[in-house]
Amino acid sequence: MGTGDPYGMSISHALASGMGGIRTSGDLVARMQMTRKMRLPEAKKYVADKLGVGVQDLADSTVMRRLREELDIGVVTAVPGARRGIEAKRTIAELLDVDVPCLKRL
């Protein structure tokens with residue numbers, strides 16, 4: 001019995017997360033699209049302005065990794081002492097000036 005396509009899940013995940021998800025800024029841009037009903041170019045510009053980077057930097061994993069660590073808004077791999085999960089969401093909410101429903105429940 002075969003195990004199927006070993007790359008199938010990672011490809012699906014990469015496509016679903018768009019813009020690299022938390023590896024870059026896809027999660028932040030998507031949050032603006034969902035909470036503020038922004039179109040993609042508008043959401044990218046808003047996030048870039050809030051982060052103090054150019055729109056082209058939003059998809060650069062090296063730039064965003066460094067920035068996400070500096071701003072303490074979560075990264076893919078654990079960094080000792082860095083915020084993660086709900087703590088990172090709180091920082092993101094403050095940074096982007098958005099309400100995050102799960103934070104209201106706390």
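For clarity, every value in this text was computed on a predicted model and none was experimentally measured.
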Visitor: Could you check whether any side-chain N or O of Arg68 sits under 3.5 Å from a backbone N or O of Val75, counting only pairs where one atom can act as donor and the other as acceptor?
Guide: no
Visitor: Quick one: salt bridge (Lys or Arg N to Asp or Glu O under 4.0 Å) partners of Arg31, sequence neighbours excluded?
Guide: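 Salt bridge (Lys or Arg N to Asp or Glu O under 4.0 Å) list for Arg31, sorted by chain: empty.
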Visitor: In plain terms, say whether Arg65 and Glu69 are close enough for a salt bridge, that is, a side-chain N and a carboxylate O under 4.0 Å apart.
Guide: yes
Visitor: How close do Ile92 and Asp27 get, counting heavy atoms only, and between which atoms?
Guide: CD1-OD2, 4.3 Å
Visitor: So if you build clusters from Ile, Leu, Val, Met, Phe, Trp, Tyr with side-chain heavy-atom gaps below 4.5 Å, do Val98 and Leu40 land together?
Guide: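 Result: yes, single cluster for both.
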Visitor: What are the two closest non-hydrogen atoms of Leu58 and Val47, and how far apart are they?
Guide: CD2-CG1, 4.0 Å
Visitor: Does Ala82 offer a backbone N or O that forms a donor-acceptor pair with the side chain of Asp72 under 3.5 Å?
Guide: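 No, because the side chain of Asp72 does not come within donor-acceptor range (under 3.5 Å) of the backbone of Ala82.
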Visitor: Looking at Gln33 and Ala43, what are the two nearest heavy atoms and their distance?
Guide: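 Here Gln33 and Ala43 meet closest at CG-CB, 3.8 Å.
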Visitor: Search all heavy atoms of Tyr46 against all heavy atoms of Asp97 and return the closest pair with its distance.
Guide: OH-CB, 3.9 Å
Visitor: Mind checking side chain to side chain contact (heavy atoms under 4.5 Å, CB included) for Arg84 and listing every partner two or more places apart, or none if nothing turns up?
Guide: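 Applying side chain to side chain contact (heavy atoms under 4.5 Å, CB included) to Arg84 gives none.
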Visitor: Around atom NZ of Lys50, are there more than 12 heavy atoms of other residues, nucleotides or ligands at under 6.0 Å?
Guide: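 Above 12, so yes.
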Visitor: With clusters defined by side-chain heavy atoms of hydrophobic residues (ILVMFWY) lying less than 4.5 Å apart, directly or transitively, does Ile86 cluster with Leu71?
Guide: yes
Visitor: What distance separates Asp99 CG from Thr35 OG1, expressed to the nearest 0.5 Å?
Guide: 8.5 Å
Visitor: Hydrophobic cluster membership, with links at side-chain heavy-atom distances under 4.5 Å among I/L/V/M/F/W/Y: are Met38 and Val53 in one?
Guide: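 They do share one cluster, since a chain of ILVMFWY contacts under 4.5 Å joins Met38 to Val53.
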Visitor: Are any non-hydrogen side-chain atoms of Leu51 and Leu28 less than 4.5 angstrom apart?
Guide: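 SC-SC contact between Leu51 and Leu28 confirmed.
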Visitor: Could you state the interatomic distance from CZ (Arg90) to CD (Glu87), rounded to the nearest 0.5 Å?
Guide: 7.5 Å
Visitor: Taking all non-hydrogen atoms of both residues into account, name the closest pair between Leu103 and Ala93 and its distance.
Guide: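 What the structure gives for the nearest pair is CD1-CB, 3.8 Å.
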Visitor: Residues two or more places apart in sequence or in another chain: which of them pass side-chain hydrogen bond (donor to acceptor under 3.5 Å, both in side chains) with Ser61?
Guide: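 Expected list: none.
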Visitor: For Met64 and Leu67: C-alpha separation, side-chain torsions, deciding distance, then whether side chain to side chain contact (heavy atoms under 4.5 Å, CB included) applies.
Guide: CA-CA 5 Å; Met64 289 306 301; Leu67 185 60; 4.2 Å; yes
Visitor: Is there a path of hydrophobic side-chain contacts, each under 4.5 Å between heavy atoms of I, L, V, M, F, W or Y residues, that connects Leu95 with Met32?
Guide: yes
Visitor: What heavy-atom pair brings Gly74 and Ala88 nearest, and what distance separates the two atoms?
Guide: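 Looks like N-CB, 4.0 Å.
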